[in-house]
Amino acid sequence: MTTTDPTEEFRAARDFLLTHREDYDTAYAGFRWPRPERFNWALDWFDAIARDNDRTALRIAEEDGTHSQYSFAELAHRSDQVANWLRAQGVRAGDRVLVMLGNQKELWETALAAMKLRAVLVPATPLLNTVELADRVDRGAVRHVVARAEDHTRFASVPGAFTRIAVGRPAQDPPPGWLDYEESLTARADYVPDGPTLADDPLLLYFTSGTTSRPKLVQHTHVSYPVGHLSTMYWIGLRPGDVHLNISSPGWAKHAWSNLFAPWNAEATVFVHNYTRFDAGRLMTEMDRAGVTTFCAPPTVWRMLIQADLGQLRTPPREAVAAGEPLNPEVIDAVRRSWGVTVRDGFGQTETTVQIANTPGSEVTPGSMGRPSPGFTIALLDPATGRPGDEGEISVDLSAAPVGVMAGYEGDPARTAEAMADGYYRTGDLAVRGPDGRLTYIGRRDDVFKSSDYKISPFELESALLSHEAVAEAGVVPAPDALRLSVPKAYVVLAEGWEPTRDTAKLLFAHSRAELPPYKRVRRIEFAELPKTISGKIRRVELRAAAERGDGAEYREEDCV
């Protein structure tokens, strides 16, 4: 790239990916990350595309059927006002600002404003309890909190001298000790930065969902997520003018992936649908009404969707993707039959943007997670020796300095050094590479187990179970066994209309025998709800502990023949 203007450098990289949206080989070979020394995505990109732009940037559908929408120009104006007002309340560059809001316009206004101020965002889901909030405020060194007024009591026992800002109207107006966000409506809109933003300045601190341990605190910079999510834009297949729906709770990294950076990198509309309880039919009605062209949802939502009549959606999206956990082939087949669209997997983490994906225009091999994203070089490292091969831990080669990788774990240099040892960022996930270069997911290092000395991938067994009409969700873990040391045990959530009986277990054992080789088949089944993180991932660590205790009502294969 010959230009030194950060906006044009970013635009050139983006346009290259848009031009080769369905030509993976050219995109992968030719893409180069923009590497500006100074870059502020809110100022250098969002404000640039928002100038005199009345196209809809954000559309929100509420549960009562009302829709509200906001243009690029409106959000640029409001974020300038909010930035000026926050500055007047003492928010400075480098300050940590915890934002705990729902899918409401103030969430996007505050995110843009904090970026402009060079403050550090600490996103938090409204589902957090007081103990979790105290941990985030403490470890995140939070100096300011922006939260829904209705949630103000949850901060009453959270220690710390932090500014409290309430959004919305509670019974008290505003809560005692809280500032009223609506005062920002009278602030000046001619925002002027008080200094340059360096590319490696911190921008985001994300607490991971903690499937197996205490949440880690991931730090991202002003380029690692804003610029890094060019890979996410490419995976989704976003184009200017698209209407993109991503189902994700605010506070988690996936919300920033697909409700902020990726769609606005592409100059697309962000569409969100707020609901108390998931209703597949209602969701499809709102998708039709909004004209959704690109759709991303976690596997849990996809599995609920295929339990409904997918034909209710009159205008299916052009692109459909899934992330968070691998998507089972049975779900992909069901959506393809109804919508004529192939749901494409993408793999990334809170620590990265999309590293591996089935990209638009590429042939999707059943069960494959795809190929490395443009800008990423992926190695599979043997967990024991660290040597690369065709099976091992998914690891990002850092020698090419990929942009979409975290700066590190905040306050934990030892964990950062371990994750990034020997020039690789190690993901903790295992995969195998096929002769065509495509990768197939095996599972988390902590989840893969041995039975009679055979290595078992829970994901493979779960996929086999999900191909039976009785199974809505499944989680597989090892259960103690006197002969084999451990055997695969499945915790199963049944589809509507099925009963948790011995006859149902007998059908599922027979299905397992038909679908899997003898050494892999499911040997025990328990019908139970699956414990999940508040971001929707299965907490297999809890299932493992339950299987170890053996305190559930389980069915054994030998008793159901």
Side-chain angles (χ1 to χ4, degrees), residues 278 280 299-311 322 325-338 343 366-367 441 443 447-449 451-452 454-484 486-532 538-540 542-544 546-561:
F278 181 80
T300 297
V301 169
W302 281 112
R303 288 193 282 266
M304 288 190 287
L305 275 169
I306 66 170
Q307 298 295 318
D309 176 13
L310 292 177
E325 289 187 320
L327 191 63
N328 309 92
E330 297 72 31
V331 178
I332 296 172
D333 290 341
V335 175
R336 186 187 289 122
R337 287 194 301 269
S338 294
V343 185
Y441 187 78
D447 291 338
V448 174
F449 61 94
S451 177
S452 295
Y454 291 103
K455 189 161 60 177
I456 304 294
S457 163
F459 173 67
E460 183 181 0
L461 275 61
E462 291 160 6
S463 294
L465 286 169
L466 282 164
S467 66
H468 193 283
E469 61 180 339
V471 180
E473 289 190 283
V476 172
V477 294
D481 181 79
L483 178 62
R484 299 179 178 88
S486 68
V487 293
K489 176 175 179 176
Y491 289 84
V492 172
V493 177
L494 290 171
E496 187 175 351
W498 290 83
E499 296 297 326
T501 63
R502 181 177 181 277
D503 286 342
T504 302
K506 186 175 180 179
L507 284 173
L508 296 182
F509 282 125
H511 179 72
S512 169
R513 288 194 295 273
E515 294 291 317
L516 296 165
Y519 69 93
K520 289 183 180 179
R521 70 188 191 224
V522 174
R523 304 284 180 165
R524 299 178 193 176
I525 289 175
E526 182 173 333
F527 299 113
E529 291 298 315
L530 301 181
K532 294 182 179 179
I538 298 171
R539 282 186 55 83
R540 289 182 179 82
E542 290 188 24
L543 294 180
R544 278 177 178 260
E548 286 282 347
R549 293 193 303 269
D551 53 6
E554 67 179 14
Y555 294 93
R556 299 195 172 203
E557 183 187 36
E558 59 267 28
D559 299 327
C560 295
V561 178

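Judged as a ring pair (Phe, Tyr, Trp, His ring centres under 6.0 Å), and not counting sequence neighbours, the contacts of His511 are His468. In this structure, Arg337 has no side-chain hydrogen bond (donor to acceptor under 3.5 Å, both in side chains) partners at least two apart in sequence or on a different chain.
Within the structure, the salt bridge (Lys or Arg N to Asp or Glu O under 4.0 Å) test picks out the following pairs touching residues 492-518 (sequence neighbours left out): Arg513-Glu557.
Residues Phe278 and Thr300 fail the side-chain proximity criterion, which asks for heavy atoms closer than 4.5 Å. Within the 4.5 Å cutoff, no side-chain heavy atoms of Pro458 are placed close to those of Val477. Side-chain contact check for Val301 versus Leu305: some heavy-atom pair is nearer than 4.5 Å. Residues Thr504 and Tyr555 form no side-chain contact, since every pair of their non-hydrogen atoms from C-beta on lies 4.5 Å or further apart. Residues Pro478 and Ile456 fail the side-chain proximity criterion, which asks for heavy atoms closer than 4.5 Å. In this structure, Pro488 and Arg521 have side chains that are not in contact, with every pair of non-hydrogen atoms separated by 4.5 Å or more. Leu466 has its side chain out of reach of Val331: every pair of non-hydrogen atoms, C-beta onward, lies at least 4.5 Å apart.
A distance of 6.5 Å separates CD in Glu460 from CG in Leu516, rounded to the nearest 0.5 Å. Atom-to-atom distance recorded for Arg524:CZ and Phe509:CZ is 9.5 Å, nearest 0.5 angstrom. From Arg540, atom CZ reaches atom NZ of Lys532 across 10.5 Å, with rounding to the nearest 0.5 Å. Separating the CZ atom in Arg523 from the CD atom in Glu554 is a distance of 13.5 Å, to the nearest 0.5 Å. Of the inter-residue distances, the one linking Glu330 atom CD with Glu462 atom CD reads 11.5 Å to the nearest 0.5 angstrom. Atom OG of Ser512 is separated from atom CG of Leu507 by 12.5 Å, given to the nearest 0.5 angstrom.
Nearest heavy atom pair, residue Leu465 against residue Ala474, reads CD1-CB, 4.1 Å. Across Glu473 and Val471, no two heavy atoms sit closer than the pair O-CG1, 3.5 Å. The two residues Leu327 and Ala322 come nearest to each other via the heavy atoms CD2-CB, 3.8 Å. In this structure, Pro531 and Leu543 approach most closely via the heavy-atom pair CD-CD2, 3.5 Å. Smallest separation of non-hydrogen atoms from Ala547 and Pro480: O-CD, 3.4 Å.
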Kindly determine whether Leu508 and Phe527 satisfy side-chain contact (heavy atoms from CB on, under 4.5 Å), including the steps that lead there. CA-CA 11 Å; Leu508 296 182; Phe527 299 113; 4.0 Å; yes

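Side chain of Ser338 to backbone of Gly311: no donor-acceptor contact under 3.5 angstrom is found.
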